[in-house]
Amino acid sequence: MIDIIRADITTLDVDAIVNAANSSLAGGGGVDGAIHRAAGPELAQAATRLAPCPTGDAVITPGFRLAARFVIHAVGPVWHGGTHGEAALLRRAYERSFALAAGEGSIASIAFPAISTGVYGYPKRDAAEIALEVMRAHEVRFDRVVACLFDEESVRIYQELQSGE
Ligand code: AR6
């Protein structure tokens with residue numbers, strides 16, 4: 001069962017947190033800014049060495065000052081109305097994050113924010129359907145998979161989808 005919580009993802013004691021990054025991997029606003037502030041400047045140094053990261057892909061770095069040992073920086077799509085491959089790109093961002101987590105070998109717990117649903121404008125319910133579908137497909141390989149949400153509406157949407165509404 002996916003663990004749906006409302007929290008600041010930077011506070012979580014999990015092996016890896018996923019960042020909703022942009023291709024430059026240099027930090028930004030929203031959850032990206034919060035993660036970079038909490039991890040310290042080493043995070044941007046490590047991440048930008050791996051830039052640019054195409055939309056729909058992800059890279060992995062250490063978590064530096066975070067409790068999480070790793071940060072997986074995933075680049076979700078900007079919403080352009082839904083006819084520009086957004087769904088496939090969002091799905092790939094989640095899939096690539098799981099592939100990196102599995103490939104690392106020592107990641108048993110992982111937390112995801114609602115990628116693309118802030119500044120990037122992806123409709124929350126459509127994004128949540130994709131996020132939960134990919135999380136469910138991979139959860140058996142992990143002790144804990146967390147959907148870490150920041151706003152009440154996202155929590156309600158995820159809970160509704162989880163309960164089959
Ligand atoms: N913990 C968990 N979730 C959070 C946090 C937090 N501390 N802060 C915000 N959220 P966004 P995007 C939620 O805009 O849409 C950045 O500038 C937020 O409520 O962070 O993928 C990057 O550098 C929303 O539900 O990411 C990129 O340029 C979700 O995280 C761009 O924004 C994602 O919102 C990426 O846009």
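These values consider heavy atoms only, across backbone and side chains, with no hydrogens, waters or symmetry-generated copies. Numbering of ligands and ligand atoms starts at 1, following listing order.
The protein non-hydrogen atom at the shortest distance from atom 19 (O) of ligand 1 is Phe150 CB, 3.7 Å. Taking atom 1 (N) of ligand 1 as the reference point, the nearest protein heavy-atom neighbour is Ile9 N, 3.0 Å. For atom 21 (O) of ligand 1, the closest non-hydrogen atom on the protein side is Ser116 N, 2.8 Å. Taking atom 14 (O) of ligand 1 as the reference point, the nearest protein heavy-atom neighbour is Val119 N, 2.8 Å. Ranking protein heavy atoms by distance to atom 26 (O) of ligand 1, first place goes to Ala20 CB, 3.7 Å. Nearest non-hydrogen protein atom to atom 33 (C) of ligand 1 is Ala114 O, 3.3 Å. Considering only non-hydrogen protein atoms, atom 15 (O) of ligand 1 sits nearest to Gly118 N, 2.8 Å. Remark: minimum distance from atom 28 (O) of ligand 1 to any protein heavy atom is reached at Asn22 ND2, 3.1 Å.
When side chains are defined from C-beta on, Ile5 counts as touching Leu12, because their heavy atoms get closer than 4.5 Å. Using a 4.5 Å heavy-atom threshold, the side chains of Ile60 and Ile107 count as touching. Residues Asn19 and Val31 have side chains in contact (heavy-atom distance under 4.5 Å, counting atoms from C-beta outward). A 4.5 Å side-chain heavy-atom check between Phe142 and Ile110 finds at least one atom pair inside the cut-off. In this structure the side chain of Leu43 reaches within 4.5 angstrom of the side chain of His73, judged on heavy atoms.
Transitive grouping of hydrophobic side chains (ILVMFWY, heavy atoms separated by less than 4.5 Å) brings Val155 and Tyr158 into a common cluster.
Contacts of Glu104 classified as side-chain hydrogen bond (donor to acceptor under 3.5 Å, both in side chains), with partners at least two apart in sequence or in another chain: Ser106. Applying the salt bridge (charged side-chain N to carboxylate O under 4.0 Å, His left out) criterion to Asp8, with sequence neighbours excluded, gives no partner residue.
The heavy atom nearest to atom 31 (C) of ligand 1, considering only Tyr122, Tyr120, Phe112, is found in Tyr120.
Here the OH-CD1 distance, from Tyr122 to Ile115, works out to 11.5 Å after rounding to the nearest 0.5 Å.
Remark: ligand 1 and Thr10 share no N or O pair separated by less than 3.5 Å (distance only, no angle test). Remark: ligand 1 and Gly29 share an N or O pair separated by less than 3.5 Å (distance only, no angle test). Residue Val31 has at least one N or O atom closer than 3.5 Å to an N or O atom of ligand 1. Not a single N or O atom of Ile115, backbone or side chain, sits closer than 3.5 Å to an N or O atom of ligand 1.
Of all the atoms in ligand 1, the ones that sit under 4.0 Å from a non-hydrogen atom of Asp32 are 22 (C), 23 (O). The contact set between ligand 1 and Gly28, taken as ligand atoms under 4.0 Å from a residue heavy atom, comprises 17 (O), 23 (O). Of all the atoms in ligand 1, the ones that sit under 4.0 Å from a non-hydrogen atom of Thr117 are 15 (O), 24 (C), 25 (O), 29 (C).
When non-hydrogen atoms are compared, ligand 1 lies under 4.0 Å from the side chain of Ala34 (C-beta onward) but not from its backbone.
Every heavy atom of Ser154 sits 4.0 Å or more from the atoms of ligand 1. At least one heavy atom of Ala7 sits under 4.0 Å from some atom of ligand 1.
Remark: of the listed residues Arg156, Lys124, Arg6, Lys124 is the sole one forming a salt bridge (Lys or Arg N to Asp or Glu O under 4.0 Å) with Asp151. Applying the salt bridge (Lys or Arg N to Asp or Glu O under 4.0 Å) test between Arg144 and each of Asp3, Asp15, Asp13 identifies Asp3 as the sole match.
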**Request:** Take Gln162 and Arg136, measure what side-chain contact (heavy atoms from CB on, under 4.5 Å) needs, and give me the verdict at the end.
**Result:** CA-CA 10 Å; Gln162 177 100 303; Arg136 283 192 199 114; 3.9 Å; yes
